[in-house]
Number of protein chains: 2
Amino acid sequence: MNIGEASRASGVSAKMIRHYESIGLVPPADRRDSGYRDYGTADLHRLGFIRHARDLGFSLDRIRVLLGLWSDPARSNAEVKAIARAHVKELEQRARQLNEMANALRSLADACDGDGRPDCPIIASLETGANVPPCHPGASPGAMPPPAPRRKAVAGR
Amino acid sequence: MNIGEASRASGVSAKMIRHYESIGLVPPADRRDSGYRDYGTADLHRLGFIRHARDLGFSLDRIRVLLGLWSDPARSNAEVKAIARAHVKELEQRARQLNEMANALRSLADACDGDGRPDCPIIASLETGANVPPCHPGASPGAMPPPAPRRKAVAGR
DNA sequence: CCTGCACCTTCCCATCATAGGAAGGTCAAC
DNA sequence: GTTGACCTTCCTATGATGGGAAGGTGCAGG
């Protein structure tokens, strides 16, 4: 199976499959005489695992850990559960922050007449910072990937 | 006022102030003979506006539009309101996606004994994709910036 | 006057996951 | 044998931010 077929079968773009190989998330694919990559069902399985983990918002780094646990016959489900729980917390916190922003902005928008005049409480709040959430720091950059829209023209699914 | 003082006063890092200048979000700062940038209260005001807009999750591109409306004496608050409402929708959708992922993962974790054995429904679902949300596409990349943690060592606030 | 330190300048690189495209080779069907 | 769909590698971009190097400036203390 070449990379295009593997892409359609796994739902991971060919571009990403090559990338995952380059960062060692998947082992180097077998090559045909032509140089074309050749995939088997085990490879598809692994790619599917990765995609599902991405669908749950895991970063590639965490997926690396999960893949390790997956292939470890002596793994402890406690370890997996701990990672999952930690990730749930992070997802919830990110959602909370977004909702905070949405709520703040919604109430500003609600307070705006929108009647065509220049007066605007939204602009006024941006000037002064009143009713704008502090958007507390912490959660350093790179701590969590954005929702990962992915899957655009990959089709299949 | 030099860039460090402006940073502390506005809550925007010096690095970002220079960046905003380089992309034209703020006009080129005055320079002293030494080459140092020199900021006045109008500049601080603009930087504060930008920071508040970032706190509400606006992208720099949208902030550019908001700044234009801000300085337009004949602006229509309807226009501002429309931008705000659209942004609220986007924030809500992103929050919804994150919550979907969190809910899915939480129920998987709840189904995991965590008793130290290898059996693990979380791993099993990653393998098969069962109970993993499709994470619907759309909302192309770059459509919205991550929560923008910002403000780490900028102090002030 | 010199030293030291805190600050400034520009420029380049890294993050994270993903996409786009160019230049060139391969395969299969017609 | 040509055409068109596919593959290869390599480079670049995204968005907002941070890190750091190499070198200049400003001010205070000795």
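In the text below, chain A, chain B and the rest are named by the order of the sequence lines, each starting its count at 1.
- One can place NE2 of H19(B) at 17 Å from P of dC13(C), the figure rounded to the nearest angstrom.
- Close to dG18(D), at under 4.0 Å from its OP1 or OP2, lies a side-chain N or O of S13(B).
- Atom CD1 of I63(A) is separated from atom C1' of dC16(C) by 12 Å (rounded to the nearest Å).
- Between dC8(C) and R37(B), no contact under 4.0 Å exists linking OP1 or OP2 to a side-chain N or O.
- Between R31(B) and the phosphate of dT10(C), there is a side-chain N or O to OP1/OP2 separation shorter than 4.0 Å.
- Between the C1' atom of dC6(D) and the OH atom of Y39(A) lies a distance of 14 Å, rounded to the nearest Å.
- Residue S34(B) has no polar side-chain atom (N or O) positioned under 4.0 Å from OP1 or OP2 of dC8(C).
- The phosphate of dT17(D) has OP1 or OP2 within less than 4.0 Å of a side-chain N or O from R54(B).
- Per the geometry, CG belonging to L60(B) stands 10 Å off C1' belonging to dT17(D), to the nearest Å.
- Side-chain atoms of R106(A) and N103(A) form a donor-acceptor pair, as typed in the model, at a separation below 3.5 Å.
- Checking R32(B) against D61(B), the closest nucleotide of DNA chain D that is more toward the 5' end is the one next to D61(B).
- Per the geometry, CD1 belonging to I3(A) stands 15 Å off C1' belonging to dT26(C), to the nearest Å.
- Put simply, the side chain of E90(A) reaches to within 4.5 Å of the side chain of R62(A), judged on heavy atoms.
- Between the CD1 atom of I23(A) and the C1' atom of dC16(C) there is a distance of 10 Å, rounded to whole Å.
- Using a 30° and 60° split on the angle between ring planes, H45(A) and W70(A) fall in the perpendicular class, above 60°.
- Contact between the side-chain N/O atoms of Y36(B) and the OP1/OP2 oxygens of dG24(D) is not found at any separation under 4.0 Å.
- Applying the 4.0 Å criterion to OP1 and OP2 of dC8(C), one finds that N2(B) has a side-chain N or O inside that range.
- Applying the side-chain hydrogen bond (donor to acceptor under 3.5 Å, both in side chains) definition to pairs two or more places apart or across chains, those involving residues 113-126 of chain A are D113(A)-R117(A), D115(A)-R117(A), D115(A)-N77(B).
- The side-chain contact (heavy atoms from CB on, under 4.5 Å) with E79(A) is formed by just one residue from the set L69(A), L66(A), D72(A); it is L69(A).
- To the nearest angstrom, P of dA17(C) lies 18 Å from CD of E21(A).
- Ranking dT25(D), dG19(D), dA16(D) by closeness to the K15(B) side chain, first place goes to dG19(D).
- A close approach under 4.0 Å does not occur between any side-chain nitrogen or oxygen of Y20(A) and OP1 or OP2 of dA17(C).
- In this entry the distance linking CE of M1(B) with P of dC7(C) reads 16 Å, nearest Å.
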